[in-house]
Each structure stands twice: as structure tokens, then as C-alpha cells.
Amino acid sequence: MVKEYRTIREVVGPLMLVEGVSGVTYNELVEIRQEDGDLRRGKVLEVMGDKALVQLFENSQGLKISTSKARFLGKSMELGVSVDMLGRVFDGIGRTKDGGPDILADMSLDINGQPINPTARDYPDEFIQTGVSAIDGLNTLVRGQKLPVFSASGLPHANLAAQIARQAKVLGDEGNFAVVFAAVGITFEEADFFIQDFKRTGAIDRTVLFMNLANDPAIERIATPRMALTAAEYLAFEKGMHVLVIITDITNYAEALREVSAARKEVPGRRGYPGYLYTDLATMYERAGRLKGRKGSITMIPILTMPEDDKTHPIPDLTGYITEGQIILSRELFKRGVVPPVDVLPSLSRLKDKGIGKGKTREDHADTMNQLFACYARGKECKELAAILGDAALTEVDKLYAKFAGEFEKKYVSQGFQKNRSIEETLNIGWELLGILPRSELKRIKDVYLDKYYKKAEEN
């Protein structure tokens, strides 16, 4: 039911106070119409008796409260969804941004979604190939998983995000795969990079893009990931598609949340972020997953830049609690020319064991993954020892391990942002590198796999 009031009492920045209201609810949409016909929108942040605090989506500059009317629309923000969204670009609140016609919606969905009953969830156990060896081979992404990328200022996480969006697929069901890409608080140049990259490679045809720019209102930034997830839920659970949701940058989202919280004069938590940051992030992350009896799924890769490169900062810290692992980008590797600069040792995919092996990737995947981790860790130790004491302090085997670590970063991790490797290619490169070491050192691999694959590596 639409209710209209001429009792706007105060506007401070993006906040507006309306008095004498009744029946108004939290998150309800509001339209503010001026005498000259100018229309602005907002939503209810708080209701206190007969007073409603409204957050404006647009700038409040030039708003004349004495002659303006506030209309409460009786519903929260919704997104009109359709399969025609694929190949289209939208702004942060779901308006078309590519010059094409508006979408004819099949249905309108509340962007806040519905909580998934935990008993209705299906366990993630199907491999998703991203074409990036450091992920596919060592920190495998599984359909229905939440696997964030922890980056830092100046690192090429945008390139990695575009690469994964272009290349990702479910093996054997490629035609039923879609990507929903949400850019939150990015610059115009970054937005243009993503759009042009997707158009150039043809990935745009299976992608829905939501673009929220740095100069857009903070409240829009909070809505953008939820718009993307609503579109993903429709494609996954109504149309049976496998959907990969990529959100960059979660740090900009959290900053917008802090800005709105400060405007509401809420008591701040760690580093000034609201105390409900964990709960708020969980309401987004937990919308990913698989449902029993439904063919579709939502897999999520949220990307965030760690302020001051600090993994203990509230944003990466809380994200790590909610999600199933993390891919960490390294500034040191990037300086050495390794791209993508994935630091494989502190990176982790908690579900990797469920999505690999015979019938999913290859029977030797688990053993070679564990062996590569072990050899790289020892190789790094040997290189550090050589830097302190010199090469003379290393045994012949230690020198081989040090060589392995260097070759591993150069050939396995560093593949550039255009190379799309199949899982077979990734596993074969791993065996080629293990050929640097004597067979006796490969204690984590079963003899049957060594007999089958190590000889080939040795011949190379």
C-alpha cells in the first residue's frame, strides 16, 4: 500500500527524517517527489515511533523539503529477472546501462533473498575448471563453494577476476554455465576494462554485469552484490544453470556499510566497522550453494583488497570465518614477475578434496597436489637457507629442491592472464616439475601413479 507524506523535517547528507508516519517498515522503498517533478529514491533505514529515517540513493543537493512529498511504496527493493539478462550490463541497482532496451521481467524478486534451510543444502563436490593452475591443481574450486581471493592494493586481482570469468566452466556441462559479475565501488577505467574484456572474448554472452562506480552513492554500493546474487538465484534455481558469482571489491562494500553506520550514529566495532559486519557479510556469502533436488548451483568468488596487506583486518578475517578457504595474492611474487601472483602455501580450499580424483579430474590429482605442496615448501626453505649461508651449505638434494621451487613459480604458478589450461595440462606440468627430483623423494605419491606418470616426466 502506497502512503504519501508532506512531513519531511530534516535532511543531513544522505539521510532524511520523515515524521508522522504509520505502518512503515524497515528496508521499505521511498520515492521523494519535488514540486518540479524531480524524483529521487531511498529506503527506510530505521523506524522510531512515528518517525522514519530514510537513506537516499541519490545526492540530497537541491532537495527542497518544504515542498517535497515522500511516498512509502510498501515493498523493499526488487530486481526484475529474466534469462535475457545474460549479455547485458546494469548499474548498481539494476537499471540497464549498455544502451539496450529494458528487460522484460519474468518475475520480480526481493534482492535480500530468502535464507536457505541448511537441511536443503546439497554438499559441494563437483570440480569447476578455472583454467588457472594455481587454483585448479592446488586449491580447487568446487561447484557450490565460496572461495574468496585476498588481494592487496596494486595487485592485479581485476585481471584474475576477468580471467576466471572468461575461462570457468563445469566439465561436461559447459553450455549450462553462466557468470554473474558484480563490480562494487570501482573506477570508470576498471569498469570499462571488464566490459571491453568480456566483449572482446565473447564471454559477455553468458555473463550478467552489475557495475557500481566509485562516485555512486554508498547505499547503492550496499545493494549491488545483492542485485547480483538475486540474478544468480534466478538463473540457478529457476533455470537450472551453474552460476559463478564474482564480486569485486568486498572492501568497498564494507567501507560503504561503515559510512552508512556512521551516518546513523551507531556504536562502532573493530576499526570503526559496524558490529554487525559479520552478520551482514554472512547474509551475502550464505546465498551461495547447491540445493537438493535442484540442478542449478551458485558458486561464489568474492574478491577483497586487504587494507595495509593485513590478513587480520576485520574484512578478510570475518570473510575467512564464513567462506571455505581463500586464495591469497602475493606482492613479493608480483614484484618478481609471477602472474597471477598466487601464493599457494597460505592459500586454501577446504573443499578441494571433494572435487578431485577419478571421474572428476584425474586419479593422481590428490597425490600430486600434496607432493607439490610439500616440495615447494621445502624448496622455499632451501632457497632461504642458501640466501643466508650460501649454496655451499646445501646438499645436492637441497639444491634440487631449490631449483624445483624456482621452476614451480615460473612454469606452474606463472601462466599469464590469457592462458587457459585444462586440468590435464595442469597435472602434466606438475609431473614435469616433479621430474626434477629423484623418485625416492616423492613419498606422498602411490607407486602405481609413479609408475604411470613419473617415467614420462623423467623422459622429458
Side-chain angles (χ1 to χ4, degrees), residues 13-15 27-32 39-45 54-60 73 75-82 85-100 102-103 105 108-113 158 161-162 165 179-195 198 204 207-235 243 245-261 263 280-281 283-285 287 300-305:
L15 299 181
N27 254 348
E28 187 172 342
L29 282 178
V30 186
E31 288 183 350
I32 301 94
L39 186 68
R40 306 191 193 191
R41 299 190 297 171
K43 73 171 184 177
V44 176
L45 277 186
V54 175
Q55 169 88 35
L56 297 172
F57 294 147
E58 291 92 357
N59 199 306
S60 61
L73 304 183
K75 62 178 182 179
S76 57
M77 190 179 289
E78 294 179 338
L79 176 67
V81 290
S82 162
M85 298 178 80
L86 290 167
R88 301 295 302 276
V89 182
F90 301 86
D91 68 5
I93 50 176
R95 297 174 296 201
T96 54
K97 197 177 181 179
D98 54 8
D102 290 339
I103 296 294
S108 290
L109 300 176
D110 186 334
I111 68 165
N112 296 301
V179 175
V180 177
F181 193 97
V184 182
I186 64 172
T187 64
F188 175 82
E189 287 79 12
E190 285 178 300
D192 189 59
F193 162 76
F194 286 122
I195 293 169
F198 290 167
I204 188 82
T207 306
V208 184
L209 284 89
F210 291 87
M211 294 290 174
N212 167 263
L213 301 182
N215 61 340
D216 290 330
I219 195 70
E220 182 178 314
R221 203 155 299 144
I222 293 171
T224 304
R226 291 178 168 80
M227 287 280 172
L229 286 162
T230 303
E233 285 170 345
Y234 169 77
L235 293 172
V243 184
V245 178
I246 300 176
I247 305 173
T248 180
D249 182 332
I250 292 293
T251 298
N252 294 335
Y253 170 86
E255 295 291 347
L257 204 66
R258 179 164 67 174
E259 185 181 326
V260 172
S261 174
D280 192 276
L281 290 173
T283 61
M284 292 196 306
Y285 295 151
R287 291 171 73 173
M300 188 187 297
I301 300 182
I303 298 174
L304 59 90
T305 49

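- Judged as a salt bridge (Lys or Arg N to Asp or Glu O under 4.0 Å), not a single pair has a partner in residues 181-192 (not counting sequence neighbours).
- Interatomic distance, NZ of Lys43 versus CD1 of Ile219, reported as 4.5 Å (0.5 Å rounding).
- When every heavy atom of Ile32 is checked against every heavy atom of Gly42, the shortest pair comes out as CD1-N, 4.4 Å.
- When side chains are defined from C-beta on, Asp249 does not count as touching Ile303, because their heavy atoms never get closer than 4.5 Å.
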Practice item. Go through the steps to decide whether Ile222 and Leu257 satisfy the test side chain to side chain contact (heavy atoms under 4.5 Å, CB included), and finish with yes or no. Key: CA-CA 7 Å; Ile222 293 171; Leu257 204 66; 3.9 Å; yes

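- Panel note: side chain Arg221, backbone Ala214; a donor-acceptor pair is recorded below 3.5 Å.
- The residue from Arg95, Met85, Met211, Met227 that alone fulfils the side chain to side chain contact (heavy atoms under 4.5 Å, CB included) condition with Phe90 is Met85.
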Exercise for review: Start with the C-alpha distance between Ile204 and Leu209, add both sets of side-chain angles, then the distance that settles side chain to side chain contact (heavy atoms under 4.5 Å, CB included), and finish with yes or no.
Suggested key: CA-CA 8 Å; Ile204 188 82; Leu209 284 89; 3.4 Å; yes

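- Partners of Asn215 by side chain to side chain donor-acceptor pair (under 3.5 Å), not counting sequence neighbours: none found.
- Remark: side-chain polar atoms of Thr224 are not paired, donor with acceptor, to backbone N or O of Val184 under 3.5 angstrom.
- Here the straight-line distance linking atom CG of Asn112 with atom OG1 of Thr283 works out to 8.0 Å at 0.5 Å rounding.
- Nearest heavy atom pair, residue Ile103 against residue Ser82, reads CG2-CB, 3.7 Å.
- Taking the ring-ring contact (aromatic ring centres under 6.0 Å, His included) definition, one finds that Phe194 meets it with Phe181, sequence neighbours left out.
- Side-chain contact between Arg287 and Thr230 is present, with at least one heavy-atom pair separated by less than 4.5 Å.
- Nearest heavy-atom pair across Val180 and Ala228 is CG1-O, 3.4 Å.
- Residues passing the ring-ring contact (aromatic ring centres under 6.0 Å, His included) test with Tyr234: none are found, sequence neighbours excluded.
- Applying the ring-ring contact (aromatic ring centres under 6.0 Å, His included) rule to Phe57 yields no partners; only residues at least two apart in sequence or on another chain are considered.
- In this structure, CD1 in Ile186 is found 8.0 Å from CG in Asn212, a value given to the nearest 0.5 Å.
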**Study point:** Verdict with supporting geometry, Val208 and Leu235, side chain to side chain contact (heavy atoms under 4.5 Å, CB included)
**Key:** CA-CA 10 Å; Val208 184; Leu235 293 172; 4.2 Å; yes

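- Gly80 and Ser108 get closest at one heavy-atom pair: CA-OG, 4.0 Å.
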Practice item. Please assess Ile250 against Leu281 for the test side chain to side chain contact (heavy atoms under 4.5 Å, CB included), listing each intermediate value before the final yes or no. Key: CA-CA 9 Å; Ile250 292 293; Leu281 290 173; 4.1 Å; yes

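- Atoms CG and CE, on Leu229 and Met284 in that order, are 7.5 Å from each other to the nearest 0.5 Å.
- When all heavy atoms are compared, the tightest approach of Ile93 to Ala223 is CG2-CB, 4.1 Å.
- When all heavy atoms of Asn252 and Gly185 are compared, the pair lying nearest together is ND2-O, 3.1 Å.
- Applying the ring-ring contact (aromatic ring centres under 6.0 Å, His included) test to Tyr253 and every residue at least two apart in sequence or in another chain returns nothing.
- With a 4.5 Å cut-off on side-chain heavy atoms, Glu233 and Leu109 do not count as touching.
- A salt bridge is defined here as a Lys NZ or Arg NE, NH1 or NH2 lying under 4.0 Å from an Asp or Glu carboxylate O, and Asp280 with Arg226 meets this definition.
- Between Lys97 and Asp91 no salt bridge is recorded (no basic side-chain N to carboxylate O distance below 4.0 Å).
- The CZ atom of Phe198 lies 8.0 Å from the CZ atom of Phe193; values are rounded to the nearest 0.5 Å.
- No side-chain heavy atom of Asn27 sits less than 4.5 Å from a side-chain heavy atom of Asp110.
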